[in-house]
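What follows is one structure encoded as structure tokens, with my remarks underneath.
Proteins come first, then strands; the chains are lettered A, B, ... in the order of their sequence lines, and each starts at number 1. Please read these numbers as outputs of a predicted model, since none were measured by experiment.
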Amino acid sequence: IAPWIPVVGLEIHAQISSNSKLFSGSQVQFAAPPNSLVSFFDASLPGTLPVLNRRCVEAAVMTGLALNCSINKKSLFDRKHYFYADLPAGYQITQQRVPIAVNGSLSYSLCIDNKMSQMVTKTVRIKQIQLEQDSGKSLHDDTRCQTLVDLNRAGVGLMEVVMEPDMCCGEEAAAAVRELQLILQALGSSQAVMAEGQLRVDANVSVHHPGEPYGVRTEVKNINSIRFLAKAVDYEIQRQIEELENGGTILNETRAFDSKLGCTVPMRDKEGKQDYRFMPEPNLPPLILYDTKSLPANMNHQQVINIDWIHERLPDLPSVKREKLVEQYGILPEHSFTLLNEDGLAEFFESVVKQTQMKPKKVIGWILNDLLSYLKQHSLTVKESPVSSFLLADLLNLLEKKEISSTAAKQVLVELWKGEGKTPLEIVKEQKLELLHDQKELEQICQAVIDGQENEVIMMVLG
Amino acid sequence: MRALSLVRWLRAGRVPESRYSGNSGNSRYSGNSRYSGYSGNSRYSGYSGNSEYSEYSEYSEHRPQGPPQKLSVDVLDHLEHLALVDFRDSEGVERLQKAIQFAEQLQEVNTDGVEPMDSVLEDRCLYLREDDVTEGNCTKELLENAREKVEEYFVAPPGNIPLPKLEERETFLQGS
């Protein structure tokens, strides 16, 4: 049987981190009383018009620059028409013809064979980034056969990041999305928390034989975490392969991922291929961005977005941060990868290093092996750690000054996890874990042991 | 013409003002028109007396040649699905037909090498708003528009109710 090549492309919607919505002045907030964060424009009442939020444009430009995109100095807004209860206008304002950023790339790292020591770098091409409106939320009440609609989310700014189908499995998709998440969080353009719907991923999956054209693709939705993304993609690849090997065909359909069953199922309510009747948004002129060269002299500062100005102020991206950690502290690349992968861990590590004489190369072992494994075991975040960086540094100092042994240090750590407020020194004294350095004292103890075990000593001397 | 704006136009029953007004037979376009050589042979000649369509008679010379493209039932059914309109009767369909033909006059213009204009706002500045919260908190007012509500939620039917297939609908198109 000829081998199968899976092809995976992702469409990612990231909610822009801003105070107000993309085209109106109502607030952006996760949990709020239903329909309390809705302006007349969001409710699509007649006579209202869209007014573009400057911060949303800046967020999209930052993200485009961070993903190595070309920023389109002139981009356009369009209407995408479809009917749904949470889309009061009957259309979504998006950027279909000329989006704000195109042709970028995202580099991410993977472990080969689950070994942290072998990391490989891969790249996925970014087709485009576009600004668009979010829809409201529908709560389905099946018992009363109705849908409850909350428009708080309607009109919130989204960045849609479209990736080319350069990935081939769930692991790659998950790693790429994780890296994108870290980038967005570093930029501050989106908080990208999947659990709160700030980052939504749809996967397009198909399989084909080498040398043959791409197979029919399915779209997988309802993926709520990065872990589920990997599962959903891998399941769908398997399903398609099995279907084709059994002589079946793949339908160009949308499927939902069922996290409980770990499989994809066809989505109900699908009315066949949609005709969105794209048309230019008649109420918005083209969006013009400038750079230092094209900056007009007499324009109001507040009305001008300078791409170069934004570029100069981009914060360090995760890849740069990792390199700096490796350079500054002499740790391994895979160490810095783990440090950045855990929220707050890099800062914790640096804080400990500052407060201790122990070399960073040794500190990293305590951070990754002891601290992190404990946190994982108890499902705690770094912020929730009962052991603060101060306490850990204190402990490592005792070890470094050879006042305790490494084994004793681990014992103290176990005690510290209890979070009873004792300092490492107090625990050492309590449990008499001090290392003895006085030669005379040591001799006395050894002599006492030998004296107490006369018979055994005679046996040993006799052989 | 986009279907949605087309239908709104139909419902209003108005004829949009044309760029061609005042151009009576002396053709600016004779040199490069695809349709040069048509003679006033008018399908619309019968309408000159009908006041609703009298505006058409001025433009009879600028109609594209050839029989009008008959709108198939499939296309009309598709439009009814997309825009959720109901063409109701043959008059509605005929009006749509005429609207399309009217709009097709645009095909006469040679636009080779001309950048399409998709918005009359193209030279305007897109105003950028500061990211401040200035609206919202009007739940009560918004819900006044709702026929049905449950605890400050709008109530809608469960999912989209697809428009029934042509055979199952009570529509004029069935008879076509």
Side-chain angles (χ1 to χ4, degrees), chain A residues 18-20 23-28 33-43 45 51-57 76 81 83-86 97 136 138-142 144-152 268-269 271 275 277 279-288 299 302-305, chain B residues 1-8 74-75 77-85 115-165:
Chain A
S18 61
N19 299 326
S20 56
F23 292 117
S24 67
S26 38
Q27 192 181 1
V28 175
N35 293 307
S36 61
L37 308 176
V38 185
S39 68
F40 289 176
F41 171 77
D42 304 329
L45 299 187
V51 185
L52 183 56
N53 180 338
R54 188 200 158 88
R55 155 71 188 161
C56 294
V57 180
L76 307 170
H81 299 82
F83 292 111
Y84 208 67
D86 58 24
R97 288 168 297 154
S138 300
L139 303 173
H140 299 287
D141 182 0
D142 292 322
R144 281 179 211 84
C145 209
Q146 62 189 12
T147 296
L148 302 180
V149 178
D150 173 14
L151 297 178
N152 281 349
R268 60 178 178 103
D269 216 19
E271 294 162 42
D275 180 350
R277 293 175 294 149
M279 67 177 258
E281 168 54 59
N283 294 320
L284 293 170
L287 172 61
I288 309 289
M299 255 180 95
Q302 196 267 339
Q303 288 300 313
V304 166
I305 292 186
Chain B
M1 262 172 105
R2 302 291 177 345
L4 199 63
S5 45
L6 190 79
V7 168
R8 272 199 219 113
D74 284 341
V75 169
D77 183 38
H78 188 55
L79 282 176
E80 286 199 342
H81 267 91
L82 283 184
L84 291 185
V85 292
E115 191 68 30
M117 175 211 234
D118 49 46
S119 168
V120 294
L121 300 171
E122 63 181 14
D123 292 328
R124 295 280 201 96
C125 273
L126 176 50
Y127 177 76
L128 294 171
R129 184 176 56 84
E130 277 304 309
D131 186 26
D132 298 320
V133 176
T134 55
E135 298 176 281
N137 265 314
C138 48
T139 319
K140 206 160 154 230
E141 266 179 290
L142 291 173
L143 288 175
E144 274 171 20
N145 286 325
R147 188 184 62 176
E148 241 190 287
K149 45 183 168 256
V150 168
E151 277 179 39
E152 303 188 322
Y153 287 94
F154 293 99
V155 178
N160 279 356
I161 302 166
L163 198 62
K165 291 209 180 62

Minimum heavy-atom separation for [X] to [Y], with atom names?
{"X": "Gln303(A)", "Y": "Leu128(B)", "value": "OE1-N, 2.9 Å"}
{"X": "Leu148(A)", "Y": "Val150(B)", "value": "CD2-CB, 3.8 Å"}
{"X": "Cys138(B)", "Y": "Phe40(A)", "value": "SG-CE2, 3.8 Å"}
{"X": "Leu121(B)", "Y": "Pro282(A)", "value": "CD1-O, 3.2 Å"}
{"X": "Met299(A)", "Y": "Cys125(B)", "value": "CE-SG, 4.3 Å"}

Does any heavy atom of chain B fall under 4.5 Å from the side chain of [X], the backbone, both, or neither of them?
{"X": "Asn283(A)", "answer": "backbone"}
{"X": "Arg144(A)", "answer": "neither"}
{"X": "Phe23(A)", "answer": "backbone"}
{"X": "Val28(A)", "answer": "neither"}
{"X": "Pro286(A)", "answer": "both"}

Pairs of heavy atoms under 4.5 Å with chain A: top-ranked of Gly136(B), Ala146(B), Ala156(B), Ser119(B): Ala156(B)

Separation of Leu82(B) CG from Asp275(A) CG (nearest 0.5 Å): 4.5 Å

Interatomic spacing from CG in Asp150(A) to CD in Glu151(B) - rounded to 0.5 Å: 12.0 Å

Would you call [X] and [Y] a side-chain contact if the rule is heavy atoms closer than 4.5 Å?
{"X": "Arg129(B)", "Y": "Leu52(A)", "result": "no"}
{"X": "Leu139(A)", "Y": "Tyr153(B)", "result": "yes"}
{"X": "Arg55(A)", "Y": "Glu130(B)", "result": "no"}

Leu126(B) vs Leu284(A), side-chain contact (heavy atoms from CB on, under 4.5 Å): CA-CA, chis, key distance, verdict: CA-CA 7 Å; Leu126(B) 176 50; Leu284(A) 293 170; 3.7 Å; yes

Intermediate values then yes/no, side-chain contact (heavy atoms from CB on, under 4.5 Å), Asn137(B) and Val38(A): CA-CA 7 Å; Asn137(B) 265 314; Val38(A) 185; over 6 Å; no

Interchain contact, [X] with chain A, by part (heavy-atom threshold 4.5 Å):
{"X": "Asn145(B)", "value": "side chain"}
{"X": "Asp132(B)", "value": "backbone"}
{"X": "Glu141(B)", "value": "side chain"}

Greater than 12 external heavy atoms within 6.0 Å of Arg124(B)'s CZ: no

Interface residue of largest heavy-atom contact number with chain B, from Ile305(A), Val51(A), Ile288(A), under 4.5 Å: Val51(A)

Most contacts with chain B, counted as non-hydrogen pairs under 4.5 angstrom, among Pro34(A), Cys56(A), Ala85(A), Pro33(A): Pro34(A)

Side chain Thr139(B), main chain Asn35(A), donor-acceptor under 3.5 Å: yes

Any donor-acceptor N/O pair, Ser26(A) side chain to Glu135(B) backbone, under 3.5 Å: no

Test item: side-chain donor near acceptor, Ser20(A) and Asp131(B), under 3.5 Å: yes

